[in-house]
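Everything on this sheet refers to the single structure shown next.
Just so it is clear, the model here is predicted, and its values are computed rather than measured. Here is the naming used below: chain letters follow the sequence lines, and residue numbers restart at 1 for every chain.
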Protein chains: 2
Amino acid sequence: MIDQNIKIAVDAIVFGYEKGTLYVLAVQQRFGKLADRWVLPGGFILDDEPLITAVERELKEEAGITVNYLEQLATFGDNVKRDERFRVISVAYFALVNPKNFVLKADTDAKDAKWFPVAQVPALGYDHNEMVKLAHQRLKSKLTYQPIGFDLLDHEFLFSDLENLYYSILERDIDRRNFRKKILSFGIVKETNKVVKMGASGRPGKLFTFDKKKYNQLLKENFQFDIRFA
Amino acid sequence: MIDQNIKIAVDAIVFGYEKGTLYVLAVQQRFGKLADRWVLPGGFILDDEPLITAVERELKEEAGITVNYLEQLATFGDNVKRDERFRVISVAYFALVNPKNFVLKADTDAKDAKWFPVAQVPALGYDHNEMVKLAHQRLKSKLTYQPIGFDLLDHEFLFSDLENLYYSILERDIDRRNFRKKILSFGIVKETNKVVKMGASGRPGKLFTFDKKKYNQLLKENFQFDIRFA
DNA sequence: TTAAGTTTGTGTAAAAACAACACAAATTTA
DNA sequence: TAAATTTGTGTTGTTTTTACACAAACTTAA
């Protein structure tokens, strides 16, 4: 008979983007040994609950959000001393959301929920900084071979928004003309006929949308999204 | 207090390659409800044992092998009915080995251990066919952006071995000249001065080795291994 | 009202990478 | 000694990538 004294948790690394800054969601713990410490949203799973459902539930409970994109990242569990009573193994999920869509509200277990710029994430509890690091790398690499940037933007966006997103997350210079040409060549970004005056001055720009249907269609024909520049 | 009735296991998808065929390692269960069924090597982890150590231990115990490459693949756990007494969540690992280096020997828990050609893997227990499928995809994609093919070959190999490996695993035609040019251009494959007569007839070929030290060095300088062809 | 500032929108040319392609050299086998 | 097999090697046309600058549409300040 197997005698394990281990519990399973899930944690989510939720990224949000706004005006050139990438944010990570953290919640402040209300109870337990780490009360007041900031940690990633997450918690123990229920016996009959799929892992991803547990993540969605925790995000709803602890921060009041529903994400745009969610995928499994990796499982962490060698950090044996997370809890004194038992070992905790946590399955980390990678998520994207447009922060504008929600007002964060800490519910059940969390005292507070807050966006931290990735560059200024405080020392989190457990091995959560490690998770953030891995998720950040995943975001950067995924941005180049999957059109996930759109999940961080408004439904309708200016080309410069997309460009700035790549620019700021990848921390690389981008040639505006080449970038635009490349993205448009894929045919998965459609121009609306709405024109909007950006923040303040400057020429108004057209709004664009990501055509997910077209993208899924292209995928079947072996299309490979790929953005790499010098 | 958390009351979970879940156990954690690890499973390994071990690939081996020989003469144009890709194999997966499976073991035949000796005990339990699934006695005689073929499954992936794996088992429950110990309370104080890191996940990867558990995988290495199980591979040693159930098949008598030590792999060349090992990385976490994904965690499976929504298949709630794996065992009647409790839910099992399994962390799957992806591994590569050169089958020539070992004689498989089933030890403790396994009745037998055997290589199955990926194209002819039988119906395995649990959700293990799903794991094999995911691992197979991972292998194919990883082959194009990481020099892991070498972990499936002998230390010294003919250029045609490498070429056939790519050819057979990716199931695509390869232009020998372009392939060779590309691989050599990276500078991570070194020519030895040994010449060897291949199987039977034909001109003898030079042996090559993968220069891991050089590769690690290049990685620091932002080198990106990348093999893609029409 | 006009000049300065800001942001969007657009094309071309040079360089690099990729794709397509064939035959001679060294060996074994018939 | 002729046929079969496998290794080894270069060139050319095509495609992709990179580098690069200025006019148009608007706002703001003088």
Side-chain angles (χ1 to χ4, degrees), chain A residues 19-20 143-145 153-154 156-168 170 172-209 218 222-230, chain B residues 19-20 143-145 153-154 156-168 170-209 218 221-230:
Chain A
K19 294 187 197 113
L143 221 38
T144 68
Y145 64 86
L153 292 177
D154 290 346
E156 297 184 314
F157 53 86
L158 293 169
F159 228 100
S160 56
D161 292 335
L162 187 62
E163 187 205 319
N164 286 327
L165 185 148
Y166 273 84
Y167 172 75
S168 57
L170 297 182
R172 291 211 238 116
D173 273 355
I174 289 174
D175 180 291
R176 283 174 55 230
R177 278 182 285 193
N178 292 340
F179 180 76
R180 188 179 183 124
K181 232 181 304 177
K182 190 69 189 272
I183 294 277
L184 289 176
S185 76
F186 295 147
I188 58 177
V189 167
K190 288 251 152 53
E191 178 175 324
T192 67
N193 41 22
K194 292 178 206 162
V195 167
V196 87
K197 327 177 212 233
M198 163 70 182
S201 69
R203 174 173 174 173
K206 288 187 202 132
L207 287 173
F208 292 80
T209 57
L218 286 172
N222 257 356
F223 166 73
Q224 184 45 346
F225 178 88
D226 192 1
I227 295 276
R228 323 231 263 261
F229 359 73
Chain B
K19 294 186 196 113
L143 221 39
T144 68
Y145 66 85
L153 293 176
D154 290 347
E156 297 184 314
F157 53 86
L158 293 169
F159 227 99
S160 56
D161 292 334
L162 188 61
E163 187 205 316
N164 287 327
L165 184 148
Y166 272 84
Y167 172 75
S168 57
L170 298 183
E171 299 171 289
R172 290 210 240 113
D173 274 355
I174 289 174
D175 181 290
R176 285 174 54 230
R177 278 181 287 191
N178 292 340
F179 180 76
R180 189 179 181 124
K181 230 182 303 178
K182 190 69 189 274
I183 293 278
L184 289 176
S185 77
F186 295 147
I188 58 177
V189 167
K190 288 251 152 56
E191 179 177 323
T192 68
N193 40 22
K194 293 177 206 162
V195 168
V196 87
K197 325 174 216 249
M198 161 72 181
S201 70
R203 174 174 170 172
K206 286 185 203 136
L207 287 173
F208 292 82
T209 57
L218 286 172
E221 302 159 21
N222 257 355
F223 166 73
Q224 187 42 349
F225 179 87
D226 192 2
I227 294 278
R228 324 230 262 262
F229 1 72

**Message:** I need a per-nucleotide contact map over nucleotides 20-30 of chain D, read 5' to 3'. Cutoff is protein heavy atoms under 4.0 Å; write B for the base, S for backbone only, - otherwise.
**Reply:** BB--BBBS---

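- With a 4.5 Å cut-off on side-chain heavy atoms, A:L207 and A:V195 do not count as touching.
- A:K182 places no side-chain N or O within 3.5 Å of a backbone atom of A:R228 that could act as its donor or acceptor partner.
- Of the candidates A:E191, A:K206, A:R180, A:R180 is the only one forming a side-chain contact (heavy atoms from CB on, under 4.5 Å) with A:F159.
- Shown here is A:F179, whose CZ atom has more than 12 heavy atoms of other residues, nucleotides or ligands within 6.0 Å.
- Distance CG (B:D226) to P (D:dT17): 12 Å, rounded to an integer number of Å.
- Nucleotide D:dT6 holds its C1' atom 11 Å from the CG atom of B:N164, rounded to whole Å.
- Rounding to whole angstrom units, CZ of residue A:R228 and C1' of C:dA17 are separated by 12 Å.
- The aromatic rings of B:F223 and B:F186 stand perpendicular to each other, their planes meeting at an angle above 60°, with 30° marking the opposite boundary.
- In this structure, B:K182 places its NZ atom 14 Å from P of C:dA20, rounding to the nearest Å.
- A straight line from CZ of A:F179 to C1' of D:dT16 spans 17 Å, rounded to a whole angstrom.
- Distances shown here put every side-chain N or O of B:K206 at or beyond 4.0 Å from the OP1 or OP2 atom of D:dT7.
- Distance A:R172 CZ to D:dT17 P: 14 Å, rounded to the nearest Å.
- Just one residue in the list A:R172, A:K181, A:R176 forms a salt bridge (Lys or Arg N to Asp or Glu O under 4.0 Å) with A:E163, and that residue is A:R176.
- Put simply, CZ on B:F159 is 20 Å from C1' on D:dT5, counting in whole angstrom units.
- For B:L207 and D:dT7, the CG to C1' distance is 13 Å, given to the nearest whole Å.
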